[in-house]
Amino acid sequence: MGSTSAHSGHEGLGRRDLIKRSAALGLIAVPTMSFLSACASGGDSGGEEKVDKGKKTAENPLAVNESAPLEIVIFDGGFGTKYAEDAKAVYEQKFPDAKVKFSSTQKIQSVLQPRFNQGTPPDLIDNSGAEQMDMGVLVGKKQLADLTPLLDAPSVDDPNKKVRDTLRPGIVEMGQFDGDPVWIMYYAYTVYGVWYSQKALDSLDATYPETWDDMLAVCAKAKKKGMAGWTYAGKHPYYIPFSLYPMIAKVGGRETLDAIDNLEPNAWKHPAVKTCFEAYYELYKKGYILEGTPGLDHIQSQTAWTEGKALFIPNGSWVENEAAKTMPKDFDLAVSAPTGIDSSDKMPFGTIWASGGEPFIVPAKSKNPDGGMEQLRIMLSEESSKNFTTSVKSLSAFNGGTDGIELTPGLKSGVAALEKAGENVVNPRLQDWYVALQKEKIGVGGLGEMMAGRLTPAEAIKKIQGYADEAAKDDSIQHYKHQ
């Protein structure tokens, strides 16, 4: 898995006001208690001295030590690692005396947890995937370096522009938790929503449904043709919110999601939550979920979907690259904002979740944080961004870099979805503020159980509200609120 995609400036979507409300990442995981303990301890044991600063020049604005070693660890998921390796080659060309160690893994937490504990983390980490380290814990325990020096450095392409001025709307804010420091650089840009094959939808003589009655009608048509209406990553049911959360905002208003993020009392008991839970439960009750879905992981569910066994799947725009091996050439991948209930919804059809994804971090106790930030500065150049978009079918945080690139079907559809959304883009923060709550408790313990038919909507809401209340009262975790 990875997270990504969104709009390009020259496609008419470079609006500075597109996302002012901050955002969440696409992929999360649960930190183990040992990791929490390691972070809580501050990781003071076994650390080594930082490398000396280099000379600050126009070509080296972050004063990188030109001969200092640099270590990079990349999550090997939906985006692969080539884009990062290509950017590493640029760093090596710029600093030929520096020895760069590059590695990749799908088990970020397992591999890096002991190193944080020892105080010897790498210099740059792509903290993504099913074993992503908890961002809220990392920030709360001061384990991350403030990336403000990177953001205030001149960009690679235009020395008269700061890096922060070359980024897509909302990217800087998404890396903040409380106050001005920026702890995370979300490199990809993701459109979350309901993904489908336009060819399959056309074969049903149907258009994408805007109301829930229409959604049920389309699913009924699909069932008659031997195709399930929906599937999802049953083993990772925190994918369900990719379409469910923006639906809740559409039905109840943006403030409904803010209250949930803020862990406000009874936030999950809002009528909009009940309505949306009951709508999704209806998919199960009517037999519109692909049989066996609760036992499928993200790859298995995506494969069943690309094979035409199900029409719709909640996902992020990394799916175009991640599912490429099984996706037919004439699949005609498309994404839509979530279906609403009816005309009484508070927000219009087109309300969607879009945000930064693929979170890069520079550990506070790394030996060469300047080198880690310089590598990010290189990645945020037009050349590296264009390489990323071409190779992984996603837009980056760099606001541009698409000139001369033919956009793929999914990317085109994501751009169109953002254009339709306009100001109606929502960005739930549970994904990065409270990873354990969002993934295992709300996802697995609540939504997963409901969609498998083991909880009713009322039971799921009661259970999830209990989880949220526990988190709100837990003084051992850092709490955040929308400002």
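Owing to the predicted nature of the structure, the values given are computational and were not obtained by experimental measurement.
Judged purely by atom type and a 3.5 angstrom limit, Y192 has no side-chain atom pairing as donor or acceptor with the backbone of P241. Side chain of K441 to main chain of Y467: no donor-acceptor pair is present (N/O by atom type, distance under 3.5 Å, no hydrogens or angles). Looking at D261, its side chain does come within 3.5 Å of a backbone N or O of L430 through a donor-acceptor pair. Not a single donor-acceptor pair under 3.5 Å links the side chain of Q106 to the backbone N or O of G129. Within the 3.5 Å criterion, the main-chain N or O of A337 finds a donor-acceptor partner in the side chain of Y208. A donor-acceptor pair under 3.5 Å is formed between the side chain of S301 and the backbone N or O of H298. The backbone N or O of K250 lies less than 3.5 Å from no partner atom in the side chain of T351, so there is not a single donor-acceptor pair. A donor-acceptor pair under 3.5 Å is absent between the side-chain atoms of T231 and the main chain of T293, judged by distance alone. Judged by distance alone, the side chain of S243 and the main-chain N or O of P338 form no donor-acceptor pair under 3.5 Å. Remark: side-chain polar atoms of T389 are paired, donor with acceptor, to backbone N or O of S385 under 3.5 angstrom.
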Does the pair L296 and T303 meet the rule for a side chain to side chain contact (heavy atoms under 4.5 Å, CB included), with working shown?
CA-CA 10 Å; L296 303 179; T303 300; over 6 Å; no

Walk me through whether R164 and D152 qualify under side chain to side chain contact (heavy atoms under 4.5 Å, CB included).
CA-CA 6 Å; R164 68 170 68 244; D152 287 340; 2.9 Å; yes

Residue pair Y245, L257: steps toward the side chain to side chain contact (heavy atoms under 4.5 Å, CB included) verdict:
CA-CA 7 Å; Y245 284 0; L257 280 187; 4.1 Å; yes

Would you check, one step at a time, whether the test side chain to side chain donor-acceptor pair (under 3.5 Å) holds for S344 with D342?
CA-CA 5 Å; S344 68; D342 53 35; 2.4 Å; yes

Could you give me the CA-CA distance, side-chain angles and deciding distance for L283 and C219, then say whether side chain to side chain contact (heavy atoms under 4.5 Å, CB included) is met?
CA-CA 8 Å; L283 295 173; C219 289; 4.1 Å; yes

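When side chains are defined from C-beta on, K269 counts as touching I461, because their heavy atoms get closer than 4.5 Å. Using a 4.5 Å heavy-atom cutoff, the side chains of I260 and P428 are not in contact. At a threshold of 4.5 Å between non-hydrogen side-chain atoms, the residues E131 and T105 do not count as touching. Using a 4.5 Å cut-off on side-chain heavy atoms (C-beta onward), V218 and L201 make contact. For the pair L437 and I442, the minimum side-chain heavy-atom distance is below 4.5 Å. In this structure, the side chains of Y196 and Q198 come closer than 4.5 Å at one or more pairs of heavy atoms. Side-chain contact between T339 and D214 is absent, with no heavy-atom pair separated by less than 4.5 Å. Between N315 and W305, the closest side-chain pair of non-hydrogen atoms is not below 4.5 Å.
More than 12 heavy atoms of other shown residues, nucleotides or ligands fall within 6.0 angstrom of atom NZ in K386. For E307, the CD atom counts as densely surrounded, since its 6.0 Å shell holds more than 12 non-hydrogen atoms of other residues, nucleotides or ligands. At most 12 heavy atoms of other shown residues, nucleotides or ligands fall within 6.0 angstrom of atom NZ in K142.
The pair K199-D330 counts as a salt bridge, with a side-chain nitrogen and a carboxylate oxygen less than 4.0 angstrom apart. With respect to the salt-bridge test (charged N to carboxylate O, under 4.0 angstrom), the residues E459 and K463 do not qualify.
Contact record, V392 with N321: O-CB, 3.3 Å, taken as the closest heavy-atom pair. Taking every heavy atom of both residues into account, A452 and Y284 meet most closely at O-CE1, 3.8 Å. F312 and P209 get closest at one heavy-atom pair: CZ-CD, 4.1 Å. Heavy atoms only, all atoms of each residue included: W183 and I361 are closest at O-CG2, 3.9 Å. For the pair K286 and K223, the tightest heavy-atom approach, listed with the atom from each and the gap, is O-NZ, 3.2 Å. Across all their heavy atoms, P265 and Q465 have their closest contact at C-NE2, 4.3 Å.
Taking the six-membered ring for Trp and the full ring otherwise, Y480 and F177 have centroids separated by under 6.0 Å. Aromatic pair Y280/W230: ring centres closer than 6.0 Å. Separation of the W195 and F331 ring centroids does not fall under the 6.0 Å cut-off. Taking the six-membered ring for Trp, Y187 and F388 have ring centres closer than 6.0 Å.
In this structure, CG on L311 lies 11.5 Å from NZ on K221, to the nearest 0.5 angstrom. We find the NZ-CD distance between K325 and Q302 to be 12.5 Å, quoted to the nearest 0.5 Å. The distance from the CD1 atom of I240 to the CE atom of M451 is 5.5 Å, given to the nearest 0.5 Å. The CG atom of D432 sits 11.5 Å away from atom CG of L138, with the distance rounded to the nearest 0.5 Å. D345 CG to W212 CH2: the interatomic distance, rounded to the nearest 0.5 Å, is 11.5 Å. Taking CE of M227 as the start and OG of S197 as the end, the distance is 7.5 Å to the nearest 0.5 Å.
Using bins of under 30°, 30° to 60° and over 60° for the plane-to-plane angle, the ring pair Y434/H479 lands in the tilted bin. By the 30° and 60° cut-offs, the orientation of the rings of F79 relative to Y83 is perpendicular.
Using modelled atom types, one finds no donor on one side chain facing an acceptor on the other under 3.5 Å when comparing Q176 with D180. No hydrogens or angles considered: a donor-acceptor pair under 3.5 Å links the side chains of D146 and T148. For the residue pair D213 and T211, no side-chain donor N or O sits within less than 3.5 Å of a side-chain acceptor on the partner.
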